[in-house]
Amino acid sequence: MSTKITSEDFIKEIEKKLSTLDISPKASNEGHVLSIGDGIAKVSGLSKAGFGEEVEFANGVLGLVFNLDEDIASIILLSESTSINEGMIVKTTGRILGVNVSESLIGRVVNPLQIPLDAKPLKNTGKFYPLEKIAPGVIARQPVDTPLKTGIKAIDAIIPIGRGQRELIIGDRNTGKTAIAIDTIINQKKKDLGLKRVICIYCAIGQKRGNIARTVAKLDEEGAMDYTIIIAASASDTPALQYLAPFTACSIGEYFMEKGEDVLIIFDDLSKHAWAYRQLSLLLRRPAGREAYPGDIFYLHSRLLERAARLSDKNGGGSITALPIIETQAGDVSAYIPTNVISITDGQIYLETDLFNAGTRPAINAGLSVSRVGGSAQTKAMKQVAGPLRLDLSQYRELAAFAQFGSDLDEQTQKRIERGKRVAEVLKQPQYTPYAEASEIVSIYAATTGLLDEVPLEKIAVFEEKVYEYVKIKNKKLLERMQKGDKMDEKTQEELKKEIKEFIKTLK
Amino acid sequence: MNKAKIKQLAELISSEEVVNNKIKNYVLTKLSRKDLLLLIFFLKRINANKTVSVESGSNIDGKSKLKIKEMFKNKKVVFSQNGDLDSGIKVTIDDTVIDLSIKNYISEAVNLLKRTL
């Protein structure tokens with residue numbers, strides 16, 4: 001039932017507010033624009049301005065104090081600068097840059113300054129969170145031991161991600177990095193294993209607006225916008241906004257984390273973030289280092305990614321899982337920014353162009369990918385079936401070179417190669433089809449125990465598509481037991497083996 | 001000439017009531033355009049530091065002027081009229097501004113209301 005307020009009541013409300021307001025005169029610090037260009041304004045005065053303080057130009061444009069020299073303050077503009085001219089007055093606001101966060105942000109597409117981009121109004125109410133914040137201390141955290149299911153078999157089995165972990169997704173352009181991130185977001189709809197919901201934040205940095213729009217549309221179609229927030233600083237936005245975007249995402253994530261919720265933040269991508277920061281630093285005449293990046297480029301990413309954590313139960317038990325994305329050039333993981341971020345994160349998922357072009361999608365190189373959290377982020381059941389998987393794959397990779405001499409190899413080697421082919425085939429997965437835990441276990445169990453050795457390679461995809469539904473109809477209780485995540489006992493394994501064998505007969 | 005030296009020159013010029021002819025000739029003949037601009041910048045800053053500017057919408061009476069001058073004994077107080085201010089005064093000390101005008105009060109009230117309502 002809506003309450004109607006008359007104009008008289010509204011006036012009384014305003015009068016009441018006015019009487020309680022404290023509008024005592026305050027001294028403001030002012031300066032004058034000396035020069036403006038490339039999104040940077042050099043201002044004289046502002047002797048009391050602090051680093052990172054928000055300032056306001058006479059025409060309402062906001063800026064951020066980024067350099068404090070003896071006589072001049074350099075300010076990066078947070079929006080277009082065409083209306084700013086020399087001599088214009090600039091005032092300090094006494095505020096640091098931050099966002100007002102509340103549940104109303106969920107399902108919205110906003111820019112780093114919280115201006116809505118989805119043509120719907122947004123009330124700037126909620127708790128204020130500064131963009132720059134110190135990461136939680138060691139004592140405030142607890143070890144990562146809860147899985148964050150991506151729904152991608154290759155990742156959940158071989159490179160498992162836990163809630164509170166930082167896992168880098170690295171690869172050349174068009175290798176499926178964003179696809180992995182989007183599939184992970186879509187999979188959170190399932191609330192697999194009975195775990196609590198995950199609020200997803202997708203931070204698009206320096207991307208084409210068309211790509212961002214496509215991503216939003218896909219997430220909306222899959223129903224993922226019910227728990228997702230999108231922060232967009234596209235390629236046509238100022239470098240200042242591109243620089244601030246990941247910090248905005250982190251601040252919003254921290255709001256939910258401190259409420260005890262689990263959050264997933266995807267930074268797509270940090271390479272463009274580094275470029276934006278390099279551009280700002282060069283324009284500010286800061287000393288350039290390797291590859292013209294400023295000296296504090298490592299600190300830029302380390303302080304951002306350190307904010308991903310799993311808080312102790314005393315602090316609410318919430319977590320932020322970060323999936324930063326880095327784009328390499330010609331597969332060079334030893335370049336400056338990739339090595340920086342690899343050393344910061346708790347593992348990486350390495351995507352290869354060759355694998356992608358050969359049809360292995362997701363194009364994950366299991367040899368170079370690692371999760372430093374590992375088995376702690378897996379259920380007992382998954383750990384049980386995924387154990388032999390790595391071994392099978394590594395043996396297959398070693399023997400793959402000899403595959404062309406198929407007829408000259410001994411039976412044992414041929415068997416290993418055939419097993420490896422089937423394992424690799426099982427790990428392939430179409431886009432936008434994340435798997436539930438039980439479904440993953442069924443597929444991987446079938447591959448690693450040799451049940452698929454007699455199945456032709458071209459029928460593996462059909463097997464995967466239909467086996468779960470078959471087992472669900474024939475033996476639902478078996479799947480329910482598996483869904484709990486506990487280690488499979490002999491009886492469960494026998495039952496599963498029996499169902500799979502019967503299904504394979506129907507394939508033939 | 002480097003920045004520090006130009007700053008020293010500006011401080012030297014400001015320290016005297018009447019500018020020395022030798023300094024005047026040096027500045028006008030020896031300094032490059034870039035150095036001159038920097039010198040003007042420093043002179044303006046030093047001058048702003050030493051001066052308190054009081055703007056008002058209407059003429060301030062002598063008694064009030066004396067009171068204001070007593071508050072800033074070590075500085076030169078300059079009074080001027082600004083039609084934009086209506087009532088109240090605006091005091092500028094270097095880069096610090098204390099705006100006691102009605103216009104500013106209303107503007108602050110509106111901003112606060114926007115934030116709290």
Side-chain angles (χ1 to χ4, degrees), chain A residues 5 9-35 42-50 53-56 58 60 62 65 68-73 75 86-87 89-95 98 100 114 123-128, chain B residues 2-11 14 34-35 37-56 68 71-72 82 84-85 87-117:
Chain A
I5 306 171
D9 290 333
F10 191 56
I11 290 166
K12 278 185 186 157
E13 179 79 32
I14 294 173
E15 281 173 350
K16 195 174 153 192
K17 280 281 178 195
L18 273 172
S19 63
T20 58
L21 290 177
D22 170 30
I23 317 172
S24 45
K26 295 179 189 80
S28 64
N29 198 221
E30 285 186 0
H32 296 266
V33 175
L34 291 175
S35 67
K42 292 210 187 290
V43 173
S44 73
L46 291 185
S47 56
K48 292 181 182 63
E53 188 175 346
E54 205 178 302
V55 297
E56 193 177 349
L62 291 176
V65 176
L68 289 171
D69 294 314
E70 198 183 342
D71 306 304
I72 293 170
I75 291 163
E86 193 194 333
I89 291 173
V90 187
K91 279 189 195 178
T92 56
T93 58
R95 298 190 299 259
N100 288 309
Q114 253 189 310
K123 271 191 178 172
N124 265 349
T125 53
K127 204 170 168 192
F128 177 81
Chain B
N2 70 27
K3 200 174 167 186
K5 288 256 179 325
I6 295 175
K7 201 172 183 180
Q8 273 181 338
L9 179 62
E11 281 163 6
S14 307
K34 190 179 163 191
D35 292 344
L37 286 169
L38 205 52
L39 180 68
I40 291 167
F41 172 74
F42 285 129
L43 281 172
K44 278 186 177 175
R45 268 224 17 215
I46 294 166
N47 203 36
N49 230 345
K50 287 183 182 175
T51 313
V52 174
S53 159
V54 179
E55 292 171 82
S56 56
I68 294 170
M71 281 186 223
F72 304 103
N82 184 350
D84 287 339
L85 286 178
S87 296
I89 59 170
K90 186 170 156 184
V91 181
T92 308
I93 313 152
D94 195 9
D95 58 2
T96 304
V97 176
I98 306 167
D99 197 335
L100 300 163
S101 64
I102 299 292
K103 189 178 172 186
N104 184 54
Y105 182 90
I106 294 170
S107 167
E108 288 284 306
V110 166
N111 285 336
L112 263 174
L113 273 173
K114 274 182 190 171
R115 281 202 290 271
T116 53
L117 271 177

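What you see below is based on every heavy atom in this structure, not just the backbone, and it leaves out hydrogens, waters and symmetry mates. First the proteins, then the strands, lettered A, B, ... as listed; each starts at 1.
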| request: Check Lys42(A) against Ile72(A) and note the closest heavy-atom contact, atom names and distance. | output: CB-CG2, 3.9 Å
| query | Has the side chain of Asp95(B) got a donor or acceptor atom that lies under 3.5 Å from a matching backbone atom of Ser47(A)? | reply | yes
| query | Between the side chains of Ser101(B) and Asp99(B), is a donor N or O closer than 3.5 angstrom to an acceptor N or O? | reply | yes
| What are the two closest non-hydrogen atoms of Lys48(A) and Glu53(A), and how far apart are they? | O-OE1, 4.1 Å
| query | Hey, is NZ on Lys50(B) packed in by over 12 heavy atoms from elsewhere, all under 6.0 Å? | reply | yes
| request: Give, as side chain, backbone, both or neither, the part of Asn100(A) having an atom under 4.5 angstrom from any heavy atom of chain B. | output: neither
| Interchain contact, Leu46(A) with chain B, by part (heavy-atom threshold 4.5 Å) | backbone
| Residues in residues 38-49 of chain B that sit under 4.5 Å from chain A, counting heavy atoms only | Phe41(B), Phe42(B), Arg45(B)
| query | So, for Ala49(A) and Thr92(A), which heavy atoms are closest and what is the spacing to 0.1 Å? | reply | CB-CG2, 3.8 Å
| message | Is any side-chain heavy atom of Lys7(B) closer than 4.5 Å to one of Asp71(A)? | response | yes
